[in-house]
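Values reported hereafter were calculated over all heavy atoms of this structure, with side chains retained and with hydrogens, waters and symmetry mates removed. The model shown is predicted, which means the values in this text are computed figures rather than measured ones. Residue numbering restarts at 1 for every chain, and letters A, B, ... go by the order of the sequence lines.
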Amino acid sequence: MRLSTPNIQLNEKGKLRHFLTLEGLKHHHLTEILDVAESFIDPLTGEINKLDTLHGKAIMNLFFEPSTRTLTTFEIAEKRLSADVVNLNIETSSTKKGETLLDTLWNLEAMLADMFVVRHSESGAAHFIAKHVAPHVHVVNAGDGQHAHPTQAMLDVFTIRKHKGDIFDLKVAIIGDVQHSRVVRSQIQALSILEAREIRVIGPKTLLPSHPEALGIHVYDNVEEGLEGVDVVINVRLQNERMKSALLPSEKEFFNLYGLTKERLAYAKPDAIVMHPGPINRGVEIDSEVADGEQSVILEQVTYGIAVRMAVMSIIFRNSQELQEEKRQALLDLNMMETSE
Amino acid sequence: MRLSTPNIQLNEKGKLRHFLTLEGLKHHHLTEILDVAESFIDPLTGEINKLDTLHGKAIMNLFFEPSTRTLTTFEIAEKRLSADVVNLNIETSSTKKGETLLDTLWNLEAMLADMFVVRHSESGAAHFIAKHVAPHVHVVNAGDGQHAHPTQAMLDVFTIRKHKGDIFDLKVAIIGDVQHSRVVRSQIQALSILEAREIRVIGPKTLLPSHPEALGIHVYDNVEEGLEGVDVVINVRLQNERMKSALLPSEKEFFNLYGLTKERLAYAKPDAIVMHPGPINRGVEIDSEVADGEQSVILEQVTYGIAVRMAVMSIIFRNSQELQEEKRQALLDLNMMETSE
Amino acid sequence: MRLSTPNIQLNEKGKLRHFLTLEGLKHHHLTEILDVAESFIDPLTGEINKLDTLHGKAIMNLFFEPSTRTLTTFEIAEKRLSADVVNLNIETSSTKKGETLLDTLWNLEAMLADMFVVRHSESGAAHFIAKHVAPHVHVVNAGDGQHAHPTQAMLDVFTIRKHKGDIFDLKVAIIGDVQHSRVVRSQIQALSILEAREIRVIGPKTLLPSHPEALGIHVYDNVEEGLEGVDVVINVRLQNERMKSALLPSEKEFFNLYGLTKERLAYAKPDAIVMHPGPINRGVEIDSEVADGEQSVILEQVTYGIAVRMAVMSIIFRNSQELQEEKRQALLDLNMMETSE
């Protein structure tokens, strides 16, 4: 399934207009997001100040799939940039009355939405919406099906950069229920674009990607081998839904085979950091001793998620503003030329 | 059923204090709303700027009946005027604990609400509330039972004026499931007050008003005849609930008999505009070719709905402010007279 | 059950850091809240102005137990202080996905929450949360199980002070379904701290506290005796849940025995005020004639609830700010000393 038509998320100057996926983005796109996010964090206090950047902008959070955690971080990020925020639980909306998704979308757009933050259980939903919005409206993907969760991946690489400096030269292992995970897909893309030295994926054989070489990654079904000498361990959660499908053994068995314990973590570098997109299942994919341990940066990730989402949104609006101004200037220049003739 | 006690929505100077119905309002009341709405729209960009007008005002959206679309447009309008907005889903509130509606209302009023925007499935609910609020509290009707939906009608006439100039001299046809529709009732009132040359209502005989002459309108159960030579076609949605009551044939049959198709629209003037309050049922009361066609201004209506709602709310608060200042001045004058005696 | 570890809600300078219970607070703590609340109310108009005090602060309303009334008053108070407000309905959150309460809490904290307003059906929930938040995060108890509802009690004493001046020298009777009521517990504490001359509790024997002397209160199961000569009558609501447990007779019987009627109120002082935390059950614990009568100040209580909640929140943030500045100053002084050496 190829969801990202080339460049749909880039404007005519190659800059971010939407933020749908990391696929097709360049090193400089990601670095800009990381740098802007960094600039929001007070170097002394670690706090993120409230800014007026999006004053007067209307952002609609369209959550077709419930997610308190992601919704709240976006809401906080939007309000910290002084945007007007409207949360829409689409299940209770007009779609009930027989309106199609596109009609709903066009109506919300006509309500002067400047940006949609979209969460949907179907892969490609954010792209579909981005294809159909007006030129001045922006779309941010907050997770679509098994496809992508790009702001999550960006906060992950932001966290890594904070602790390890440049991503280049790092060995990163992703461990857990990795198959069909939109978080993992996006993480691999982010790490690849930022040229991590080595990306490893560790999990039960049944869950591993079937063509790892195409992704430029290494797969392991042995945890100790996979963790050997890495700088970063990203643990992903066990989707309980999967248990039913018999692809996975019981929770207890999963923990015995792939749970991240202190003993296993010892195979990584001594100063390796441990990350997790949350919410964590203690004793299922991660041991509490690790989750709450010194190497864990799990809660920092959450805070950085605010800064990264603020960065993505402000970059998109700045790019839009720049483009508009250039067009206006070009028009003015044209008028002057005509006048002087 | 006479819901509107004369002038309950007007203050002692004959200006809007509440906005409950169009019944009893004068030409100048409606024109003022249209003019103020117009002033909010940037003539160059078509955008609506954020204003500080209602900074510090608390507006409570009391939706006893769910409606994402109407709630969202009000919410956007309120936030664009910088009001503090609280959404109340009344079904989960104290009414459960045995509190009466009036007790709930008085409590919300005591929470320093300056305005209630009320949606209710019972006709007269907004009037009932307006009768019981304190003098400084305002009520806007966002749809009550089969009675009225005045802001919807105002955005409709705003849209007509945008495209056709003065309403006077226009022939307007309302087509669809017109019986007991609060939207249609309010549209007829708005068009009458603004002295539209001719108002026609088209629908199945079972759905047509029984005493059209009393309303000053013409009724048609033949679509082609009804559309002949009109300037504006307002299509209203088929309430699915009605199908059950056997008042209406099947959706397919309804479309065959009364659906707005390109062929039927051809009976109207070539430059006639097509409107619909939304959400549309494609292939039921309107054909996609018409809904998405060049004559359709359906999505513009949504945008204008923001401007019109902003206008209604700011006019009400301005009137309130004026009255307070006049009273204060009168009191000062009185004091001076007494002092000088 | 001892829920309040000594001083957990006070900072190292003995000032409010959280607001969890009235137990352990001093006269000056309560007086400060009352005075600050008073300062928010315009003496001429009775209105409460919007302030910038909490601009940039993020307040999360964590309601594990639904309560439109309390949530709305907090929301209004927070917005009137210009805070960024996020409402979280915890039942739909990550707790579903198997995350523990503490993990949820730490995640919300990492989302840069500055304050949690907590409502929970279990006694001690707010304390539990306060014990686990970071030093810069504050907790306000909006009602926990049968334990406490301190902002409610503060608005009650505020209302009494507004009408009667100093609490000292007043006789106050609390009447109704008093057993296990968090509201009553907190009211008794507030009145004791402010040294009310006499606190009486009136209700069916089955509902009365078993060791009144320990609380410094007088209990009555005869309404007339209990109301004799009091300055203030606080009526509390009959919890319908209780009827089922057979602790109480029917609603009608309860009204006959303990309902607050005009006749019974006549036993109190002629200028006694009548209060009720709401929502009222007309004809169950209170007669409409009393609820709507001249001595009733029930709706004023609601308004004062906004002012008192604004006061609690601004005092907490001011104390936090002061402490930070003192520490910074101390650090600067230390540096200067070192430099000058």
What pair of heavy atoms forms the shortest contact from G56(C) to K50(A), and how long is it?
->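 In this case the closest contact between G56(C) and K50(A) is CA-CD, 3.7 Å.
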Of all the heavy-atom pairs spanning D84(C) and K79(A), show the shortest one and how long it is.
-> OD2-O, 3.7 Å
Got a sec: does the CD of E322(C) have more than 12 other heavy atoms crowding it under 6.0 Å?
-> yes
Check the surroundings of atom CD in E294(A): do more than 12 heavy atoms from other residues, nucleotides or ligands lie under 6.0 Å from it?
->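 No - once you tally the heavy atoms of other residues, nucleotides and ligands closer than 6.0 Å, there are 12 at most.
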Paired with L112(C), the side-chain contact (heavy atoms from CB on, under 4.5 Å) test is passed by just one of T73(A), T303(A), V302(A), namely T303(A)
Contact origin within I306(A) toward chain C - heavy atom pairs under 4.5 Å | side chain
Can you tell me how far the OG1 atom of T68(A) sits from the CG atom of N107(C), to the nearest 0.5 Å?
-> 11.5 Å
Measuring from I280(A):CD1 to W106(C):CH2, what's the distance to the nearest 0.5 Å?
-> 9.0 Å
Mind running side chain to side chain contact (heavy atoms under 4.5 Å, CB included) on M60(C) and I76(A) for me, showing each step along the way?
-> CA-CA 10 Å; M60(C) 295 195 183; I76(A) 291 276; 3.8 Å; yes
